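See structure below.
Because the structure is a prediction, the values reported are computed rather than measured. For reference, positions follow the sequence shown, starting with 1.
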Amino acid sequence: MTTEELAAREAIRDVIHRYARAIDRMDEALLRSVFHPGSRHNHFYEGPSSDPSAPSSPEEPGDFVAFAFGFLSTCARTHHQLGNTLIEFDGDDAARVETYFTAYHLMRPKGDPLAGPGAYDSEMDYLVGGRYVDRFECHDGEWKIMHRTGLTDWMRLEPSCSQGMGDLPAATVGQRAPQDFINQAG
């Protein structure tokens with residue numbers, strides 16, 4: 001393996017890791033940074049990945065970022081865990097990348113003003129296991145996602161039990177940007 005290929009693999013993994021952080025911290029600028037202009041998405045939403053100029057509303061999000069943030073705002077917290085990543089290069093400036101993920105979503109209950117339209121009477125744990133199948137391209141020396149297809153391998157929905165979460169010191173509980181510890185650390 002060449003030094004250039006090793007560097008490209010690390011750059012691709014970095015983008016995948018930044019995606020997970022951006023989703024869980026709801027950091028819009030970071031999420032938009034992982035997609036090339038003109039990138040496309042097919043993961044619970046089909047259309048542009050990141051086009052902040054596209055007309056957008058809660059009923060019709062203009063891009064995946066707006067769609068994701070609309071859904072994630074109905075969750076009290078999320079956690080995306082990444083697994084195996086297989087990178088196969090198509091020449092010097094493109095790669096097919098498959099990354100396994102497990103995603104946890106704590107859905108807000110009915111009565112919570114931020115709950116989604118399909119909210120249940122109590123908090124629910126919504127878990128999804130699947131794979132991101134990406135086409136990465138390198139433009140001007142930067143590897144980013146050009147197309148993402150999300151595949152769902154399994155899903156689970158069950159009542160939540162957050163026993164003990166209330167006893168944790170507030171400073172040690174993950175938050176969304178900009179309140180999260182990672183945004184405060186200097």
Is there a donor-acceptor contact under 3.5 Å from the side chain of [X] to the main chain of [Y]?
X	Y	answer
D112	L114	yes
N84	Y100	no
H105	Y126	yes
H36	E137	yes

Over all heavy atoms of both residues, which pair between [X] and [Y] is shortest? Give the atoms and the distance, please.
X	Y	value
P109	D121	CB-O, 3.7 Å
W143	D93	CH2-C, 3.5 Å
S50	F35	CB-CD1, 4.0 Å
G83	T99	O-CG2, 4.5 Å
H80	Y132	CD2-OH, 3.5 Å
R108	A119	O-CB, 3.6 Å

Can you pull out every salt bridge (Lys or Arg N to Asp or Glu O under 4.0 Å) where at least one residue sits in residues 94-103? Sequence neighbours excluded, please.
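Every pair satisfying salt bridge (Lys or Arg N to Asp or Glu O under 4.0 Å) with a residue in residues 94-103: E88-R96, D90-R96, E98-R131.
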Any salt bridge (Lys or Arg N to Asp or Glu O under 4.0 Å) pairs touching residues 30-39, not counting sequence neighbours?
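Matches after skipping sequence neighbours: E28-R32, R32-D63.
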Going by atom types only, do D24 and T78 share a side-chain donor-acceptor pair under 3.5 Å?
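A donor-acceptor contact under 3.5 Å links the two side chains.
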Check: F44 ring centroid to F67 ring centroid under 6.0 Å
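Centroid separation for F44 and F67: 6.0 Å or greater.
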Taking the six-membered ring for Trp, are the ring centroids of F64 and H41 within less than 6.0 Å of each other?
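Yes, they do, as the ring centres are separated by less than 6.0 Å.
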Which value, rounded to the nearest 0.5 Å, describes the distance between D134 atom CG and I145 atom CD1?
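D134 CG to I145 CD1: 4.5 Å, rounded to 0.5 Å.
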Is the number of heavy atoms from other residues, nucleotides or ligands under 6.0 Å of [X] [atom1] greater than 12?
X	atom1	answer
E5	CD	yes
R135	CZ	yes
F89	CZ	yes

Cationic tip of R148 above Y19 ring, under 6.0 Å, 45° of axis
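Verdict for Y19: a cation-pi partner in R148.
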How about R156 and E158: do any of their side-chain heavy atoms sit closer than 4.5 Å?
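The answer is yes, as the side chains (C-beta and beyond) meet within the 4.5 Å cut-off.
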Remaining members of the apolar cluster that contains M146, side-chain heavy atoms under 4.5 Å
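Noted: M146 shares its cluster with no other residue.
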